Amino acid sequence: MLDIQMLRTNMEAVVAALQSRGMAFDPTEFQALEAERKALQTRTQELQARRNSLSKQIGMLKGKGEDASAVMAEVGGLGDELKANEQALSNLLARLEAVLSGLPNMPHETVPVGTSEADNVEILRWGSPREFDFTPRDHVDIGAGLGGLDFEAAVKLSGSRFAVMRSGVARLHRALAQFMLDVHTREHGYTEIYVPYLVNEASMFGTGQLPKFEEDLFSVPRGEDGRFYLIPTSEVPVTNMVRGQLLAADELPMKFVGHTPCFRSEAGSYGRDTRGMIRQHQFDKVELVRIERPEDSWTALEELVGHAESILQRLGLPYRKLALCTGDMGFSAAKTYDLEVWLPAQDTYREISSCSNCGDFQARRMQARVRNAQGKNEFLHTLNGSGLAVGRTLVAVLENYQQADGAVVVPEALIPWMGGVERIEPVGKTA
RNA sequence: GGAAGCGUGGCCGAGUGGUUGAAGGCAGCGGUCUUGAAAACCGCCAGGGGUUUACGCCCCUCGUGAGUUCGAAUCUCACCGCUUCCGCCA
C-alpha cells in the first residue's frame, strides 16, 4: 500500500511511477474523494467534539446533584446528524482504502524503465552452457526414461498441471529442498521456519495478493462465508509473521527460510508451458524472507540474491541475473532481480528465482513497524526471494546433467543429500 | 463438537456507566550520584488520524463488528482468538 500522504502531497510522482509500470492512474476520482473526505471529516469531528463536551457537562452537573435536562436535550439534537456523518465518513474512507489497496508499489529509482520483459536488464551470466555431443532431451523424456516422472498418473489423480515423481527423481527432488535449507541455515544465517499452507484473508491482503489477484489463488470454504486460501508462495505466511507488530530495532533483521508447497491456479496462462513441470498448480519452493530496518533493506536485497545465486553455483547450473524493468515487476515489489537457469532442451534461460525488496509497501498493509534509534515508529521493510524453486531446479538438474545413455549424474555438491548416490540410472539398467 | 473462563498500551497488570486514554510494575529514554558500571533517586514515555507556519487544539482506538445510553474499557448481541475440562483424533 502506498502512503496516502504521498498521494495528497505529491500526486505527480505517484502518477509517473505507476505510468512507468504501464498503469494509467487517473487521480481525479481519488482527489474528488479526498476533497469530500476532508470536509466530511472536519464536520464529523466538530460534532463529536460538541457531543463529548456536552456529555462531560452532564456528568459534572449530575455529580453535583444539579438538573441536567437542558443540556441533555441539546446533545440529543445532535444525534441524527452525527450518526449520518459518521456513516458517510466511514463509507468514504472505505472507498479511499479500496482505491489505495489496488495500487502497486512505486519502483525504486534504480529500476530500469521499460514496458515488458524485453526491457529487463541482464546483469551477469554465470557458467557456460554445456556442449552436448548428442541432442539433449527435455526433462519430460529424461524423467520418463528414469521411470521417475509420470504426468499421466497425475492427470488421473488430479488433472493437468500436476506431476507424480517416483524413485530416484522423487529422491532428487527431496534432496534439492534439503540441500537448499541446509545451505541457507548453516551458511547464510537464516532461521528455518515451518508455516501453515492455508492462510486467512488478512494474510493475503498483507503481502498484496488480495484484493486484486484473487483469481490466481485456490481457496477452500471455511465456516459460513469464510475461506482459507492456499498459499501461492511461503512469502505470504512467513512475511505475515510480523503483521500487526511493533518491533524493537534490535529484533531486526529477521531472516527466515521455509520450504513449502505453493499453489497457483494459473488462470490466464492457458497454453503456456503445458508440457512438463515448468508451470504447475502445485510446486515446492524454498523461500527466503527478510524483515529489515528501512536503512538496511537495499543492502539486504543484494545479499539475498547472492544467497539464491550460491545455490545455482554449487549445483553447477549456468544462469543469468536480470534486473526487472518497471513494466515487468510484481505488484508489491520496489525492485526485483530474477535468476534464470539454463535449460538446454529449450535452448534458453528460464526463471528459477525472483528476489524483491518490497520496501514499506507490505509493511504498511500489515501494520508492521519498528521503533528506530530515535524512538520513532516507522514501517519496516520486507524482502523475499526464491532460494530456489525446487521443481524448476529439478528440471534444470535433469536437463543439464543428462547423459547419452539416459542416466542423470547427480551434481557433486548434492551427493551427500542423495545418500551417496552419484547417478540415477534409466529403467532397464540397474537402479 | 459440548461446557466454563478470558482477550486492556512494547510487555505484565489494575480498572463494572461520568473530568479514565486508562493506576501500578517491567522495558525504554533523559538526568543526579559514580573513576566507570551497577544499585538508588528524579523526570519523560500508548498508537493512529485531522487541522495549524508554529505553540497548540480536536477526533478515533481497551480482540473485531453491531447495539443500548446524553455519555461505554465497563451493559447487550454476534463474530474471531486464547485457556481449562469433556468428546474425537494423525
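Throughout, protein chains are lettered first and strands after them, A, B, ... in sequence-line order, and every chain is numbered starting at 1. It should be emphasised that the depicted structure is a prediction, and the values quoted were computed from it without experimental measurement.
- In this structure, A:Lys212 forms no cation-pi arrangement with A:Phe331, as its terminal cationic atom is not both closer than 6.0 Å to the ring centre and no more than 45° off the ring axis.
- Nucleotides B:rA46 and B:rU8 are separated by 11 Å at their C1' atoms, to the nearest Å.
- Within the 4.0 angstrom heavy-atom criterion, base atoms lie near A:Ile58.
- If you check every strand for non-hydrogen atoms under 4.0 Å, A:Arg37 touches sugar and phosphate atoms only.
- The side chain of A:Lys62 lies closest to B:rG18, out of B:rG21, B:rG50, B:rG18.
- Ring planes of A:His188 and A:His307: parallel class, angle under 30° (limits at 30 and 60°).
- Residue A:Arg51 places no side-chain N or O under 4.0 Å from the OP1 or OP2 atom of B:rU69.
- B:rG47 and B:rG10 are spaced 11 Å apart, taking the C1' atom of each and rounding to whole Å.
- With the nearest nucleotide of RNA chain B identified for both A:Gln41 and A:Met72, A:Gln41 has the one nearer the 5' end.
- The side-chain contact (heavy atoms from CB on, under 4.5 Å) test with A:Glu287 singles out one residue from A:Thr239, A:Asn384, A:Val257, A:Ile193, and that residue is A:Asn384.
- Look at A:Asn52 and you won't find any side-chain N or O under 4.0 angstrom from OP1 or OP2 of B:rG71.
- Across the protein-nucleic acid pair, A:Glu86 atom CD and B:rU61 atom C1' stand 13 Å apart, rounded to whole Å.
- Regarding contacts with the backbone of B:rG50, every side-chain N or O of A:Lys38 stays at 4.0 angstrom or more from both OP1 and OP2.
- B:rA39 and B:rG30 have their P atoms separated by 15 Å, given to the nearest Å.
- Taking every side-chain heavy atom of A:Asn377 into account, B:rG48 is the closest of B:rG48, B:rC70, B:rC58.
- For A:Gln5 and B:rG48, the shortest distance from a side-chain N or O to OP1 or OP2 is not below 4.0 Å.
- Here B:rC60 is the nucleotide among B:rG47, B:rC60, B:rG21 with the atom lying nearest to any side-chain atom of A:Gln48.
- Annotation: cation-pi pair A:Arg392/A:Phe283 absent, no NZ/CZ under 6.0 Å from the ring centroid and within 45° of its normal.
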